[in-house]
Chemist: 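What follows is a single structure, and I will ask about it in a moment.
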There are 4 protein chains.
Amino acid sequence: MNKTSDKRSIILGATLRLINENGFHGTAMSKIAREAGVSAGIIYHYFESKDDLILELYNSLIKELMNALLKGFDNSKSLEDQIKKLFEDIFRYNLANPQAAMFIRQYKASPYYTHESNSQNQQYIDPIVSCVQKAKKQGIIKDLPDTVIAVLTMDVAALLAQRYSAGLVELNDELINEIIGIIWDALKK
Amino acid sequence: MNKTSDKRSIILGATLRLINENGFHGTAMSKIAREAGVSAGIIYHYFESKDDLILELYNSLIKELMNALLKGFDNSKSLEDQIKKLFEDIFRYNLANPQAAMFIRQYKASPYYTHESNSQNQQYIDPIVSCVQKAKKQGIIKDLPDTVIAVLTMDVAALLAQRYSAGLVELNDELINEIIGIIWDALKK
Amino acid sequence: MNKTSDKRSIILGATLRLINENGFHGTAMSKIAREAGVSAGIIYHYFESKDDLILELYNSLIKELMNALLKGFDNSKSLEDQIKKLFEDIFRYNLANPQAAMFIRQYKASPYYTHESNSQNQQYIDPIVSCVQKAKKQGIIKDLPDTVIAVLTMDVAALLAQRYSAGLVELNDELINEIIGIIWDALKK
Amino acid sequence: MNKTSDKRSIILGATLRLINENGFHGTAMSKIAREAGVSAGIIYHYFESKDDLILELYNSLIKELMNALLKGFDNSKSLEDQIKKLFEDIFRYNLANPQAAMFIRQYKASPYYTHESNSQNQQYIDPIVSCVQKAKKQGIIKDLPDTVIAVLTMDVAALLAQRYSAGLVELNDELINEIIGIIWDALKK
DNA sequence: TATGAATGAGAGTTCATTCAT
DNA sequence: CATGAATGAACTCTCATTCAT
């Protein structure tokens, strides 16, 4: 890890924290610079604009999430176990990374979120999507549209993570397992 | 309906449309005024500030939603039917009012959403919460925290409504009924 | 006193209080209306504009002051006694009416104060000026320009009244008399 | 003198001129920027707000005035000569710097003038106050409250300077000396 | 690479004034 | 006479972005 990517990461981290706390609108570039301990100008060396910075942050968080999911992937297991593991990992990742979950959620709910911004992450998403497709074809899970499945897994997990971060619900391992079970039962055929 | 509440409503409507399209940050007060066909200054006659305007919009949408849910309420039916009807109505309301669903979702994902902003709506939410409580006690639905139940019903419905509005998924009556059935099966004991 | 002049007076009184507390700039017409217990619009029935309202207030305060001075006037006394009494009354009036003193001072220090605004009060000021002129000619007081004499009497008194109102100095009767004596000694020949 | 303090000074100078001409209320930040030949935004780099700018201007003028008075200070002279010189310098400084005198006067007559704003200048005022204190104790000048002495010297000088600037009175050296003599005679024991 | 002073457009908000009622 | 909703220009202040150093 060289100095360049260090500073880039520091800026991204500062942006993540500030936007989660104050929203897109409440997060001025000058504040990001102060939080990151760099000058305002240098941000424009690493990112084209504020919009670009936010998009890059989103992409990097999606990339990290997808890497975490792929790491748990085991092709030697049965497809049912693979899918089950996938859903479990999605839940656990969101709950373990509430800052990331919160940002992704806020981003997706905002006008920053366009088809274009998502197409860049297709490469990371593809393996997971194709796994889900296979499971549908083999009759392991219900034949629902991908979007519906994504909502019931990814989005539900992210929402619960945020509610947990906000102190609105207590989530112990037992409850998490129960929820994962409920979702799995709801999706499986 | 007198002129005063008319203009107030017009301003709220313009705010809803613009914020859904451009986000909180992308929606200037002057644009709201232009969209509503009023002067910029008069907004401050009806609302204290931009933040207040947004909060009032949120409150009014929550109130409308809750009224819609209460309208479908029938105490003569069995509790199971009541709960089932409630979940169905939540889905249908969100899908029928995508603008409201989208705004509520964006609001809840933003730093505007605080405990304080929700406490004002407690009066509308209470009857529904108590109905769910009763269902839990009578063993009709699973004994999950209210927040988890809210995520699996209200938030899932709102998310699907937005995905539908964004053209990401086709939701016909058959599919809606299937999803309602899935959620109901997941929650019932 | 009819209702019309009542309301006019109430508006003037509200303006006096608010401007002394918040300055010209900090005193909106709507606040004057609220303080006076009238609508914003009606002020424009009694006064042409905010500037006019402020000018009329200034004029009315100058008129009251001058009337107070003229009331103490006694042509049967010696000129020396008349002048001495005049200076004493100026002091006492300012100290007894700190709100008026404060406003006049703030007005005179502001760009509202023009030659034009003063010319309207010439009728009230004339008798006093001519009395001072006579005293100068008869060698009772020093032959200083009128402006210098006004500063050493009127303005000094107003300043002391304001300092007293602000709690910066304690002014008992003894001290007031001492100051009056000092000023008189300084001006007399 | 570096560029930073240059621009700060230019802004302060522009503010002084405009406020003397148009008052606090009539002096918009945008006008100050234009007069100073800078952008509107940069003022907020040097000053927190309009209020802060005005306070800083007041403080800098008080500081300059006090430095001018201290420069004329000569401890080797008799206390009587020191005091006399002080009063003379106050007069001459005010008459030589009518812009400063006018602003200080307008500021003191406005609601901007608070105890807090003055406490920041105590360090500059202290030496002069203690000199006056000593003179009172030694029976050189009358035992009047400091505020009264300040009014009769500082404020009278500032008022005369403004009247002179406004063309209301002609002040030649002879007259100035006469007035200084009158004030001195009034204060000395 | 890195800084931070500088820009200027545009934000939210205020307010003197008007006018239909 | 009286109201107060309505206007819209002008205000203070912010902020993404640039650029000389």
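Every chain is numbered from 1 and lettered A, B, ... according to where its sequence line falls, protein lines coming before strand lines. Heavy-atom basis, side chains included; hydrogens, waters and symmetry copies ignored.
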Chemist: Look at the aromatic rings of B:Tyr113 and B:Tyr58 and report parallel, tilted or perpendicular, splitting at 30° and 60°.
Modeler: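 Correct class here is perpendicular.
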
Chemist: Nearest whole Å is fine: how far is E:dA2 P from A:Asp6 CG?
Modeler: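 One finds 11 Å between P of E:dA2 and CG of A:Asp6, rounded.
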
Chemist: For a 4.5 angstrom cut-off between non-hydrogen side-chain atoms, does B:Met66 reach B:Asn121?
Modeler: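 No, every pair of side-chain atoms sits at 4.5 Å or beyond.
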
Chemist: In whole angstroms, how far is the P atom of F:dA2 from the CD1 atom of C:Ile43?
Modeler: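 Between P of F:dA2 and CD1 of C:Ile43: 12 Å.
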
Chemist: Is the shortest side-chain heavy-atom distance between C:Phe47 and C:Leu12 below 4.5 Å?
Modeler: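 A side-chain contact under 4.5 Å exists here.
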
Chemist: Quick one: does C:Met29's side chain get under 4.5 Å of C:Leu53's, heavy atoms only?
Modeler: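 Yes, close enough: below the 4.5 Å cut-off.
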
Chemist: Can you see if the side chain of B:Tyr44 gets near the phosphate of F:dA6 - specifically, an N or O under 4.0 Å from OP1 or OP2?
Modeler: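 Checking B:Tyr44 against F:dA6: no side-chain N or O falls below 4.0 Å of OP1 or OP2.
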
Chemist: Round to the nearest Å and state the distance from D:His45 atom NE2 to E:dT3 atom P.
Modeler: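 These atoms are roughly 15 Å apart.
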
Chemist: Got a sec, which pairs hit side-chain hydrogen bond (donor to acceptor under 3.5 Å, both in side chains) with one end in residues 18-34 of chain B, sequence neighbours left out?
Modeler: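 Residue pairs with at least one partner in residues 18-34 of chain B: B:Asn20-B:Gln99.
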
Chemist: With heavy-atom distances below 4.5 Å as the criterion, would you say the side chains of B:Asn59 and B:Leu55 are in contact?
Modeler: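 They are in contact (side-chain heavy atoms under 4.5 Å apart), so the answer is yes.
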
Chemist: Tell me whether the side-chain N/O atoms of A:Lys7 come closer than 4.0 Å to OP1 or OP2 in E:dA2.
Modeler: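 Answer is yes, contact under 4.0 Å.
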
Chemist: Side chains of C:Leu61 and C:Leu65: closer than 4.5 Å at any heavy-atom pair?
Modeler: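 They are not in side-chain contact.
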
Chemist: Rounded to whole Å, please give me the gap between OH in D:Tyr46 and P in E:dG4.
Modeler: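 In whole Å, E:dG4 P lies 13 Å from D:Tyr46 OH.
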
Chemist: Give the intermediate values and the outcome of side chain to side chain contact (heavy atoms under 4.5 Å, CB included) for residues B:Arg105 and A:Arg105.
Modeler: CA-CA 10 Å; B:Arg105 199 169 105 69; A:Arg105 201 168 106 68; 4.1 Å; yes

Chemist: Can you tell me how far P of E:dT18 sits from CD1 of B:Ile42, to the nearest Å?
Modeler: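 Whole-Å distance recorded here is 17 Å.
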
Chemist: For B:Gly41 and for D:Ser39, locate the closest nucleotide of DNA chain E by heavy-atom distance; then report the residue assigned to the nucleotide nearer the 5' terminus.
Modeler: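 Between the two, 5'-proximity favours D:Ser39.
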
Chemist: Identify, between C:Gly37 and D:Ala40, the residue whose nearest nucleotide on DNA chain F lies closer to the 5' end.
Modeler: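 Residue closer to the 5' terminus by nearest nucleotide: C:Gly37.
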
Chemist: Reading 5' to 3' and counting Watson-Crick or G-U wobble pairs with both distances under 3.5 Å, write the dot-bracket notation for DNA chain E, | for bases paired outside the strand.
Modeler: .||||||||||||||||||||

Chemist: Working to the nearest 0.5 Å, report the span between OH of B:Tyr112 and CD1 of B:Ile19.
Modeler: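 Rounded to the nearest 0.5 Å, the OH-CD1 separation comes to 7.0 Å.
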
Chemist: Taking atom C1' of F:dA9 as reference, at what distance in whole Å does atom NZ of D:Lys31 sit?
Modeler: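 Going from D:Lys31 (NZ) to F:dA9 (C1'), I get 12 Å.
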
Chemist: Any salt bridge (charged side-chain N to carboxylate O under 4.0 Å, His left out) involving residues 35-57 of chain D? Give me the pairs, sequence neighbours left out, ordered by first then second residue.
Modeler: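 For residues 35-57 of chain D, and leaving out neighbouring residues, the salt bridge (charged side-chain N to carboxylate O under 4.0 Å, His left out) pairs sorted by first residue read D:Arg8-D:Glu56, D:Arg17-D:Glu35.
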
Chemist: If you take any heavy atom closer than 4.0 Å to DNA chain F, which residues from residues 47-58 of chain A end up in contact?
Modeler: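 Of all residues in residues 47-58 of chain A, the ones placing a heavy atom under 4.0 Å from DNA chain F are A:Ser49, A:Lys50.
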
Chemist: With heavy-atom distances below 4.5 Å as the criterion, would you say the side chains of B:Asp6 and B:Ser9 are in contact?
Modeler: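 B:Asp6 does not reach B:Ser9 side chain to side chain.
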
Chemist: Can you list, by residue number, the residues of residues 13-29 of chain A that have a non-hydrogen atom closer than 4.0 angstrom to DNA chain F?
Modeler: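 Of all residues in residues 13-29 of chain A, the ones placing a heavy atom under 4.0 Å from DNA chain F are A:Thr27, A:Ala28, A:Met29.
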
Chemist: Nearest-Å distance, CD1 (C:Ile11) to P (F:dC1)?
Modeler: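 For the pair C:Ile11 CD1 and F:dC1 P, the rounded distance is 12 Å.
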
Chemist: Roughly how many Å is it from CZ in C:Arg34 to C1' in E:dC15, rounded to a whole number?
Modeler: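 Distance, rounded to whole Å: 12 Å.
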
Chemist: Quick one: list whatever passes side-chain contact (heavy atoms from CB on, under 4.5 Å) with C:Gln122, sequence neighbours left out.
Modeler: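 So C:Gln122 forms a side-chain contact (heavy atoms from CB on, under 4.5 Å) with C:Ile125, C:Asp126.
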
